[in-house]
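Both ligands and their constituent atoms are indexed starting at 1 by order of listing.
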Amino acid sequence: TGHHWGYGKEDGPSSWYKNYPVAEGNRQSPIDIVPNEASHDRDLGPIMTNYDHCTSINISNNGHSVVVEFNDSDDRSVIKGGPLDNPYRLKQFHFHWGGKGHGGSEHTVSGEGFASELHLVHWNAVKYKTYGEASTAPDGLAVLGIFLETGDDHRWLHMITDVLYMVKYKGSITDFKGFNPNCLLPSSLHYWTYLGSLTTPPLHESVIWIILKEPIEVSEKQLGMFRMLLFTEEDDDQKMRMENNFRPPQPIKGRRVRSSN
Ligand SMILES: NCCOCCOCCNC(=O)c1ccc(S(N)(=O)=O)cc1
Ligand SMILES: [Zn+2]
């Protein structure tokens, strides 16, 4: 089902347009954010995340990233405010990262990449019945992007890195209950926002992007744990280390990036 894609030379971002022509569309993600070209909108209010009664379910390796899934059967964990007209329900979060010592984020700021980027994926359950339906609608998804830079140990990230050995191979999954992503948020919720897409196939142009300006700090050691994950399955004799699983910035095509105060 679906076409095989990856981050390698043959199946990587520069070849995705062959099976996913929307790759050359007018609202593709990620983009390079140029802060002093972003327009400052007074009526762009603060975003509010309500992850308190969080209901994480499992953590898995889908062959592209490591993903933590949430129970999205009600409005317990939502993001609202800012550019959003409705509350959007948290569905999953995952990461993108680089190889040792260089870039790995998908969005860049004035051409600068970060070591990694966390995506918290939410969907508009007010207007759409399922995630799948929302994922193809122009206002269906809201993804909160958080940059990770290397520095001190992150005091809570170990809760994730400690279980990565359980999901080393593509297709592996394990229980992961009671994790509250509030602990991964930086102190400031100031953000940039623009209309874009999924950054992996099927590249649907269905995402309202909200990128936090303040990165969180994680240690090189913690980041290194992500690089022990594999793109490949357990019975695959080729062991491909999971790293550089990021799409580079795409043409802005006249889009406006707005900035919260
Ligand atoms: N599951 C029912 C059908 O859904 C079809 C579309 O979903 C395809 C799966 N991919 C995603 O949901 C998906 C979600 C977020 C991002 S990203 N990296 O832009 O945050 C990329 C991809
Ligand atoms: Zn992502």
Does the protein place a non-hydrogen atom closer than 4.0 angstrom to atom 9 (C) of ligand 1? no
Nearest protein heavy atom under 4.0 Å from atom 18 (N) of ligand 1, yes or no: yes
Report the relative orientation of the aromatic rings in [X] and [Y]; use parallel for angles under 30°, tilted for 30 to 60°, perpendicular for over 60°.
X     : Y      : answer
Trp97 : Phe226 : tilted
Tyr7  : Phe231 : parallel
Tyr51 : His122 : parallel

Of all N, O or S atoms in His119, identify the one at the shortest distance from the Zn ion (ligand 2). ND1
Phe246 and Phe95: aromatic ring centres closer than 6.0 Å? no
With ring centroids as reference points, do Trp16 and His3 lie under 6.0 angstrom apart?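 When the ring centroids of Trp16 and His3 are compared, they turn out to be at least 6.0 Å apart.
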Can we say Asp72 and Arg89 salt-bridge, meaning some charged N sits less than 4.0 Å from an Asp/Glu carboxylate O? no
Quick one: does ligand 1 sit under 4.0 Å from the side chain of [X], the backbone, both or neither, non-hydrogen atoms only?
X      : answer
Leu198 : both
Pro202 : side chain
Phe95  : neither

Please indicate whether any nitrogen or oxygen in [X] is less than 3.5 Å from any nitrogen or oxygen in ligand 1.
X      : result
Thr199 : yes
His94  : yes
Tyr131 : yes

